[in-house]
Student: 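The following block contains the structure, expressed as structure tokens.
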Protein chains: 2
Amino acid sequence: MKPIYKTALAYGMALAVLTTLLKAVEYQYWARDLSVEFYIGLVAVFFTGLGIWAGLKLTQKKVVTVAVGPAFVLNTHELQRLGISKREHEVLALMAKGLSNQEIADTLFVSLNTVKTHTSHLFMKLDVSRRTQAIQRGKELRLIA
Amino acid sequence: MKPIYKTALAYGMALAVLTTLLKAVEYQYWARDLSVEFYIGLVAVFFTGLGIWAGLKLTQKKVVTVAVGPAFVLNTHELQRLGISKREHEVLALMAKGLSNQEIADTLFVSLNTVKTHTSHLFMKLDVSRRTQAIQRGKELRLIA
DNA sequence: AAACCCGTCATCCGAACGGGTGATTTTAGG
DNA sequence: CCTAAAATCACCCGTTCGGATGACGGGTTT
């Protein structure tokens, strides 16, 4: 809210200064026999521009579009905090792809028992009891895409 | 872009009309011995306000562009195309929450066998063989959040 | 060297899951 | 009204999953 107040203040100051300045110049033009209508028109145009500028300043905040991107960034911090090893993380990723333990085992060229060990550790560290929950949790914590 | 031109036109018309109107009134006040400075101030304030209004009108379009967010909309078309019933859809949603078949049964106040039937139908219609895949597929097709 | 973590593999067991088949009831539409 | 689809439940069977435990080699840290 402060910026708005600042803008309003700045505008008020500018208005005061310019008004004073114009009044000073006014007599000069007056001496040169310029019509009142012409002078009035100038003032109107000038302050219209000033008003537009002020209006833009005051509404600029709203124009700030947020623009969200779905770019995935791995949460290394959480990985460390939970003590999830590299291999466990791989297993989690494959699990999230809908692969069975056997398929994961084949993918990683290890035994089914090994995969089961990894998954067990994962469930412990993620504090879940089912693979579907592990996937959910993993996505929540941005451990997997 | 048309609205902008319209706004500009409307503004120009208003300015012309008001200027003329003010000039007409001007002589009245002039006759009442009001100072030129006071009159100038009024015009300045008035056109400043007019300028602000014009500025807001001209920038309103930008303000609308703020809209962002991952708002979820259910893909009714896919639901129909795959012939997924209301109950099956419910089961899918709960499945995606990481619930077991038994938990889903308890949630929906039905038998475990009933849930199993629904899941079987779901797997057929989604062309998958595991619940993790069903969840994936459901999210891909925007059947679930 | 000892303690420790990681990754590997194993066995056992019970629970959960998936597939198949069949049946009844309720609901919705022609 | 009658039928088709949806929803409900059941039983069987085999697979998968999850939990517990133990083991072994290779690193790192202390």
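Computed over heavy atoms, backbone and side chain alike; hydrogens, waters and symmetry mates excluded. By convention in this document, chain letters (A, B, ...) are assigned in the order of the sequence lines, proteins followed by strands, and residues within each chain are numbered from 1.
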Student: Check the hydrophobic clustering (I, L, V, M, F, W, Y; side-chain heavy atoms under 4.5 Å; chains of links allowed) and say if L92(B) and L112(B) are grouped together.
Tutor: no

Student: Nearest whole Å is fine: how far is dG19(C) P from F123(B) CZ?
Tutor: 7 Å

Student: Starting the side chain at C-beta, find the nucleotide from dA10(C), dA10(D), dT8(C) nearest to N113(B).
Tutor: dA10(D)

Student: Please determine which of L74(A), V73(A), L79(A) meets the side chain to side chain contact (heavy atoms under 4.5 Å, CB included) test together with R142(A).
Tutor: V73(A)

Student: If you check the S120(B) side chain, which of dT16(D), dG19(C), dT8(C) turns out closest?
Tutor: dG19(C)

Student: Hydrophobic cluster membership, with links at side-chain heavy-atom distances under 4.5 Å among I/L/V/M/F/W/Y: are L122(B) and L99(B) in one?
Tutor: yes

Student: Does H121(B) have a side-chain nitrogen or oxygen under 4.0 Å from the phosphate oxygens OP1 or OP2 of dG19(C)?
Tutor: no

Student: Specify the separation, in whole Å, of atom NE2 of H89(A) and atom P of dG7(C).
Tutor: 12 Å

Student: Could you write nucleotides 21-30 of chain D as a row of B, S and -, 5' to 3', where a protein heavy atom under 4.0 Å of any base atom gives B, of only sugar-phosphate atoms gives S, and otherwise -?
Tutor: ----------

Student: Are S111(B) and dA10(D) close enough that a side-chain N or O sits under 4.0 Å from OP1 or OP2?
Tutor: yes

Student: Closest to the V110(A) side chain: dC9(C), dC9(D), dC17(D)?
Tutor: dC9(C)

Student: Can you tell me how far the CD atom of E78(A) sits from the CG atom of L126(A), to the nearest 0.5 Å?
Tutor: 10.0 Å

Student: Rounded to whole Å, how long is the line connecting atom CE of M95(B) with atom C1' of dA16(C)?
Tutor: 14 Å

Student: To the side chain of K116(B), which of dG18(C), dG19(D), dT8(D) is closest?
Tutor: dG18(C)

Student: NZ of K125(A): more than 12 outside heavy atoms within 6.0 angstrom?
Tutor: yes

Student: May I have the distance from Q80(A) (atom CD) to dC6(C) (atom C1'), rounded to whole angstrom?
Tutor: 16 Å

Student: Please compare R130(A) and R87(A) by the position of their nearest nucleotide in DNA chain C and report the one closer to 5'.
Tutor: R87(A)

Student: Please walk me through it: do T114(A) and R87(A) pass side-chain contact (heavy atoms from CB on, under 4.5 Å)?
Tutor: CA-CA 10 Å; T114(A) 303; R87(A) 206 56 162 169; over 6 Å; no

Student: Under 4.0 Å: is that the gap between some side-chain N or O of T114(A) and OP1 or OP2 of dG7(C)?
Tutor: no

Student: Take the protein atom CD1 of I84(B) and the nucleotide atom C1' of dA5(D), then report the distance between them rounded to whole Å.
Tutor: 15 Å

Student: Going hydrophobic residue to hydrophobic residue with side-chain gaps under 4.5 angstrom, can you get from F109(A) over to L94(A)?
Tutor: no

Student: Under a 4.5 Å cut-off applied to non-hydrogen side-chain atoms, are T132(A) and M95(B) in contact?
Tutor: no

Student: Output the rounded distance in Å from CZ (R131(A)) to P (dG19(D)).
Tutor: 11 Å

Student: Five pairs at each end of the helix from dA1(C)-dT30(D) to dA28(C)-dT3(D): take the axis at both ends and give me the angle between them to 10°.
Tutor: 50°

Student: Using the side chain to side chain contact (heavy atoms under 4.5 Å, CB included) definition, which of the options L108(A), V115(A), N113(A) pairs with S111(A)?
Tutor: N113(A)

Student: Would you classify K86(B) as touching base, sugar-phosphate or nothing, given that sugar-phosphate means primed atoms plus P, OP1 and OP2, and contacts are heavy atoms under 4.0 Å?
Tutor: sugar-phosphate

Student: So which heavy atom on Q136(A) is nearest to which on K97(B), and how close?
Tutor: OE1-O, 3.1 Å

Student: Specify the separation, in whole Å, of atom CD1 of I135(B) and atom P of dC17(C).
Tutor: 11 Å

Student: Nearest-nucleotide wise, let me know which of M124(A) and K125(B) is further upstream toward the 5' end of DNA chain D.
Tutor: K125(B)

Student: Please check the phosphate of dT16(D) (OP1 and OP2 only) for any side-chain N or O of N101(A) closer than 4.0 Å.
Tutor: no

Student: Give the rounded distance in Å between these two atoms: NE2 of H118(B) and P of dA10(D).
Tutor: 13 Å

Student: Does dA7(D) have OP1 or OP2 sitting under 4.0 Å from an N or O in the side chain of S85(B)?
Tutor: yes

